[in-house]
Amino acid sequence: VHITRELSSHPHAVTMAKHTRKVHITGKYGVRYGASLRKQIKKIEITQHAKYTCGFCGKDSVKRKATGVWNCSSCRKVIAGGAYMMNTPAAVTVRAQIRRLRDLAE
């Protein structure tokens, strides 16, 4: 005879984890490493897991493949960028400077 039990009546029933209120992606670290470091890591992990706009096809489909390597899933282009974000602040500054100098030369 096969006996079936309802999961909720089982004393060791597996329940889903509660959502985190403030820590979001850094909830996996628990109370370890200190609040300030977890806040810094939260910012970094959000930017590295975000989808970015592709400069070639214009779609929001660029994701991080490895450190500094970004891949567009739509047009299959591989782009070199920052370790945690596609465009670093320094790269944006350099690009603006080059554009300004190019316009000045013409």
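None of these values were measured; they are calculated from a predicted model.
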- Task: For R21, look at atom CZ and say whether over 12 heavy atoms of other residues, nucleotides or ligands are found less than 6.0 Å away.
- Result: no
- Does atom NZ of K63 have more than 12 heavy-atom neighbours from other groups under 6.0 Å away? no
Would you say [X] and [Y] make side-chain contact, with heavy atoms under 4.5 Å?
X: T47; Y: Y52; answer: yes
X: C75; Y: C54; answer: yes
X: I44; Y: M85; answer: no
X: V69; Y: V78; answer: yes
X: I25; Y: H49; answer: yes
X: I79; Y: F56; answer: yes

Would you confirm whether [X], through its side chain, and [Y], through its main-chain N or O, come within 3.5 Å as a donor-acceptor pair?
X: R64; Y: A83; result: yes
X: R76; Y: N71; result: no
X: K42; Y: K22; result: yes
X: W70; Y: K77; result: no

Distance in Å, [X] [atom1] paired with [Y] [atom2], rounded so as to fall on 0.5 Å steps:
X: Y33; Y: T26; atom1: OH; atom2: OG1; result: 12.0 Å
X: C72; Y: K51; atom1: SG; atom2: NZ; result: 10.0 Å
X: I98; Y: D103; atom1: CD1; atom2: CG; result: 12.0 Å
X: T53; Y: N87; atom1: OG1; atom2: CG; result: 9.5 Å

- Query: Could E45 and K28 be called an ion pair, given the rule that one side-chain N must be under 4.0 Å from one carboxylate O?
  - Reply: yes
- Give the intermediate values and the outcome of side chain to side chain contact (heavy atoms under 4.5 Å, CB included) for residues V23 and K39. CA-CA 8 Å; V23 293; K39 282 177 193 169; over 6 Å; no
